[in-house]
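Below is one structure, written out as structure tokens; comments come after it.
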Amino acid sequence: MATGRTDPERRDRIIDAALDLIVDEGVAGVSHRKVAARAGVPLGSMTYHFSGMDELLHEAFTRFSGTIVAVFEERLGAANTPDEAREAVADLVHHLSGGNQRELILTHELYTLAARRPAYRELTRTWMGRSRRALEWHFDPATARQLDALIEGLSIHRALETEPHGRALTVEAIARITASTPGAPDGQTTPPPSPAGARRK
């Protein structure tokens with residue numbers, strides 16, 4: 001029987017199959033047998049690559065959350081001015097709520113696990129921490145925290161509404177949170193955003 005040493009992509013296929021199964025049937029519908037069948041691997045591969053279902057689910061959701069953080073980093077890393085950073089935040093809201101049911105389902109399945117089990121709560125904390133650090137390339141920590149919550153909340157609302165709000169409301173909400181304080185230079189939050197060179201450290 002082929003092992004991970006002779007089939008180096010097998011572990012990745014198992015993780016991808018687990019994510020696909022979660023989308024179709026929810027975490028409650030995931031089993032070793034179903035994942036193995038979907039991945040096209042022998043059932044014994046499951047215990048070869050993962051100590052149990054918890055490890056597989058944790059790896060799967062870690063991969064998923066990493067893809068979302070990568071979108072944050074790509075959009076915010078391309079911004080060079082405060083206005084571009086605000087536009088990037090608006091882009092994130094509308095990207096995350098733009099009809100990708102797979103991302104929506106996986107996000108809610110992870111949140112449900114995190115609400116019940118500390119190990120997954122730590123995973124969501126790591127996810128939020130990385131998202132906030134990307135926002136802090138342009139905004140002070142308190143503003144970054146507020147924007148992170150705004151992105152998440154507006155994304156969920158837009159995804160679940162039968163008539164989602166338009167971009168104008170998103171832009172207005174971002175402007176309110178990032179409004180300059182008295183005495184600050186126009187268009188700049190307080191304290192000033194980190195230098196551009198700090199973004200990719």
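The two residues S155 and S97 have their closest heavy-atom pair at O-CB, 3.2 Å. Across all non-hydrogen atoms, the minimal contact from R86 to T178 is NE-OG1, 2.8 Å. Nearest heavy atom pair, residue A114 against residue T124, reads CB-CG2, 3.8 Å. Summarising the geometry of G166 relative to H94, their closest heavy-atom pair is C-CE1, 3.8 Å, with the distance given to 0.1 Å. For the pair A90 and V171, the tightest heavy-atom approach, listed with the atom from each and the gap, is CB-CG2, 4.3 Å.
By the side-chain hydrogen bond (donor to acceptor under 3.5 Å, both in side chains) test, R121 is found to be paired with no residue, residues two or more places apart in sequence or in another chain being considered. Considering only residues two or more places apart in sequence or on other chains, R117 meets the side-chain hydrogen bond (donor to acceptor under 3.5 Å, both in side chains) condition with D54.
A side-chain N or O of E152 and one of Y111 form a donor-acceptor pair less than 3.5 Å apart.
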* Candidate pair R102 and D24, rule salt bridge (Lys or Arg N to Asp or Glu O under 4.0 Å), full reasoning -> CA-CA 9 Å; R102 176 185 175 86; D24 290 346; over 6 Å; no
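Grouping the Ile, Leu, Val, Met, Phe, Trp and Tyr side chains by contacts below 4.5 angstrom, directly or via other members, places L135 with I68.
By the 4.0 Å N-to-carboxylate-O rule, E136 lies too far from R133 to be salt-bridged with it. Ion pairing between a basic and an acidic side chain is recognised when a charged N comes within 4.0 Å of a carboxylate O; E25 and K34 show such pairing.
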